[in-house]
Asker: 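If you scroll down you'll find the structure; I have some questions about it.
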Amino acid sequence: MSLYRNTIWFLNGIHHYTRKGYEAASQNFDPQDLDVSVVGRSFMITGANSGIGKATALAIAKKGGRVHMVCRNKEKAEEVKRGIVIESANTEVYVHIVDLSESRKVWEFAESFKKLYPSLNVLINNAGCMIHKREVNAEALEKNFATNTMGLYLLTESLIPLLQKSRQPRVITVSSGGMLVQKLQIDDLQSEKGYFDGLMVYAQNKRQQVVLTEQWAREYPDVHFSVMHPGWVDTPAVSTSMPQFHSMMGQRLRSPEQGADTVIWLAVSKAAGTTDSGKFFQDRKAVPTHLPLAWTRSSTVEVLTFISQLEMLAKAVQSKPGTSKVV
C-alpha cells in the first residue's frame with residue numbers, strides 16, 4: 001500500500017466516514033424512502049446479533065419483514081431475537097446458528113435452507129472478521145478469507161436459485177472503505193506469502209467482495225446486487241479487532257444505526273431498486289470503487305482468474321464428507 005493512497009484514504013475517511021460525515025450526508029436523504037412496509041418479504045442477515053447486523057434486523061422487523069438471523073453464538077442470538085420481537089412486535093424472527101468461517105457447514109446450511117423455506121427476497125451479507133494471526137479452518141482455508149470471502153461466496157451462490165424464484169430479489173454485502181487501498185491479489189488468496197497483516201488481509205477480502213458483487217451483477221441480471229461501506233462505526237467488532245483505532249476515533253465513530261442506514265435503504269427502498277446492479281454505495285449514493293489515480297483496478301483476466309479460484313475452492317468444500325444438516 002503506497003503512502004499516497006493511505007493518506008488520501010484516511011483524509012477522505014475523516015471527512016466522509018465519521019459521524020459528522022453521516023450527519024452531513026443525511027441532510028440529502030429522502031425520509032420517505034424508508035417509509036415502507038415489507039410485510040410478506042423474507043430477509044436473511046448474517047452477523048445479526050450485534051452492531052450493524054442487529055440494527056438492520058431490528059429495523060426490518062419493525063417494518064414487518066420476516067427476519068432470518070444467521071449467527072455464531074446461539075445464546076447471544078436468542079437473547080437479541082427476544083429483544084427484537086418485543087421491540088418490533090413482530091414474531092417472525094428466526095435464528096440459525098452458522099459460523100461463516102466453517103466453509104462446508106455454510107454450504108450445508110444454505111442447501112438446507114432452500115429446502116425448508118419457499119422464498120428469500122433479500123440476502124444481507126454482513127458477518128465478517130479480522131483475525132491478526134494466521135489461522136486456518138477445517139478445509140485449510142485462512143480464516144479471514146474463509147469468513148469474509150469464501151463464506152459469503154458459498155452462501156450467496158447457493159441461495160441465488162431461491163432468490164431468483166422470489167419477488168424483487170436483492171443481495172447486499174457490507175464491505176469497507178478499507179478496500180480502496182487494495183488491488184485484487186490473485187496469487188495469494190490464503191495470505192501465505194510474506195508478513196501476515198490482519199488489517200490488510202481484511203481490506204483485501206473487502207476488495208474481493210466488491211469484485212464478486214460486480215461479477216454477480218453481470219452473471220445474474222434478475223437479482224439486484226449491491227455492496228456498501230457503512231462508514232467508521234462504533235461496534236463490538238471494531239473495538240475488539242481495532243482497539244487503537246476505536247480509542248483514537250472515540251465519539252467521532254458512527255452509531256450502529258447510522259452504519260446500518262444504507263444497508264436498510266438498499267434492502268427495502270424502491271429508490272435503491274432503481275439503481276444499477278453491482279454498484280458500491282456510501283450514504284445512499286453510488287460512489288467510485290477506486291481512489292483517484294490509484295493503481296487498484298483489475299484486468300478482466302485477473303477477475304476471471306479470481307472467480308475460477310473461488311469456484312475450485314467451492315467444489316473442494318462441497319466434495320468433502322458431509323455433516324448433519326441442521327437449520
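The residues of the chain are indexed from 1 along the displayed sequence.
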Asker: State whether the side chain of Gln282 and the backbone N or O of His229 hold a donor-acceptor pair below 3.5 Å, judged by distance alone.
Answerer: no
Asker: When you measure from the side chain of Ser308 to the backbone N and O of Thr305, does any donor-acceptor pair fall under 3.5 Å?
Answerer: yes
Asker: For Arg284, which residues count as a salt bridge (charged side-chain N to carboxylate O under 4.0 Å, His left out) partner, sequence neighbours excluded?
Answerer: Asp261
Asker: Please say whether more than 12 non-hydrogen atoms of neighbouring residues, nucleotides or ligands are located less than 6.0 Å from CD in Gln32.
Answerer: no
Asker: Testing Val80, Ile97, Ile45 one by one against Met69 for a side-chain contact (heavy atoms from CB on, under 4.5 Å), which residue passes?
Answerer: Val80
Asker: Are the side chain of Arg254 and the backbone N or O of Ala260 linked by a donor-acceptor pair below 3.5 Å?
Answerer: no
Asker: Would you call the rings of His68 and Tyr117 parallel, tilted or perpendicular, where under 30° means parallel and over 60° means perpendicular?
Answerer: perpendicular
Asker: Looking only at heavy atoms, which two atoms of Pro256 and Ala55 are closest? And how far apart?
Answerer: O-CB, 3.9 Å
Asker: Begin with the C-alpha distance, continue with both residues' side-chain angles, and end with the deciding distance and a verdict on side chain to side chain contact (heavy atoms under 4.5 Å, CB included) for Ile307 and Glu219.
Answerer: CA-CA 12 Å; Ile307 297 298; Glu219 192 172 349; 5.7 Å; no
Asker: Where is the tightest heavy-atom contact between Ile84 and Ala57, given as atom of each residue plus distance?
Answerer: CD1-CB, 3.8 Å
Asker: Show the nearest heavy-atom pair for residues Gly51 and Thr235, with the distance to one decimal.
Answerer: CA-CG2, 4.0 Å
Asker: Shortest non-hydrogen contact from Ser298 to Leu184?
Answerer: OG-CB, 3.3 Å
Asker: Salt bridge or not for Glu108 and Lys105, using N-O below 4.0 Å?
Answerer: no
Asker: Where is the tightest heavy-atom contact between Leu141 and Ser103, given as atom of each residue plus distance?
Answerer: CD1-OG, 3.5 Å
Asker: Taking atom CG of Leu155 and atom CE of Met150, what is their separation to the nearest 0.5 Å?
Answerer: 11.5 Å
Asker: Are Trp265 and Phe29 close enough that their ring centres sit under 6.0 Å apart?
Answerer: no
Asker: Is the ring pair His96/Phe109 parallel, tilted or perpendicular, if the boundaries are 30 and 60 degrees?
Answerer: tilted
Asker: Kindly say whether Ile172 contributes a backbone atom to a donor-acceptor pair with the side chain of Ser226 at under 3.5 angstrom?
Answerer: no
Asker: Determine the minimum heavy-atom distance between Pro169 and Leu163, stating which atoms define it.
Answerer: CB-O, 3.2 Å
Asker: Checking Lys143 side chain against Cys129 main chain: does a donor-acceptor pair fall under 3.5 Å?
Answerer: no
Asker: Quick one about Glu157 and Trp107 (side-chain donor to acceptor, distance below 3.5 Å, no hydrogens or angles considered), yes or no?
Answerer: no
Asker: How long is the gap from NZ on Lys114 to CG on Leu162, to the nearest 0.5 Å?
Answerer: 8.0 Å
Asker: Salt bridge check, Glu87 against Lys62: does any charged N sit closer than 4.0 Å to a carboxylate O?
Answerer: yes
Asker: Any chance you could measure Ser50, atom OG, to Asn73, atom CG, to the nearest 0.5 Å?
Answerer: 10.0 Å
Asker: Examine distances only and state if a side-chain atom of Asp188 and a backbone atom of Lys193 form a donor-acceptor pair shorter than 3.5 Å.
Answerer: yes
Asker: Which value, rounded to the nearest 0.5 Å, describes the distance between Asp234 atom CG and Glu257 atom CD?
Answerer: 10.5 Å
Asker: Which of these passes side chain to side chain donor-acceptor pair (under 3.5 Å) with Gln182: Gln208, Lys206, Gln204?
Answerer: Gln204
Asker: Testing Lys81, Lys63, Arg41, Arg66 for salt bridge (charged side-chain N to carboxylate O under 4.0 Å, His left out) with Glu92, which one passes?
Answerer: Arg66
Asker: Given Gln209, which of Asn125, Val174, Leu152 fulfils the side-chain contact (heavy atoms from CB on, under 4.5 Å) condition?
Answerer: Leu152
Asker: Is there a side chain to side chain contact (heavy atoms under 4.5 Å, CB included) between Thr296 and Leu180? Walk through the geometry before answering.
Answerer: CA-CA 8 Å; Thr296 53; Leu180 289 167; over 6 Å; no
Asker: Is a side-chain donor or acceptor of Ser319 paired with a backbone partner of Ala316 at a separation under 3.5 angstrom?
Answerer: yes
Asker: For the residue pair His224 / Thr275, report whether a side-chain donor-acceptor contact shorter than 3.5 Å exists.
Answerer: yes
Asker: For the residue pair Glu139 and Asn137, confirm or rule out a side-chain donor-acceptor distance under 3.5 Å.
Answerer: yes
Asker: Is the shortest side-chain N to carboxylate O distance from Lys74 to Glu78 below 4.0 Å?
Answerer: yes
Asker: Quick one: CZ on Arg297 to OG1 on Thr289, what's the gap to the nearest 0.5 Å?
Answerer: 7.0 Å
Asker: Any sub-3.5 Å donor-acceptor pair from Ser101's side-chain atoms to Ala146's backbone N or O?
Answerer: no
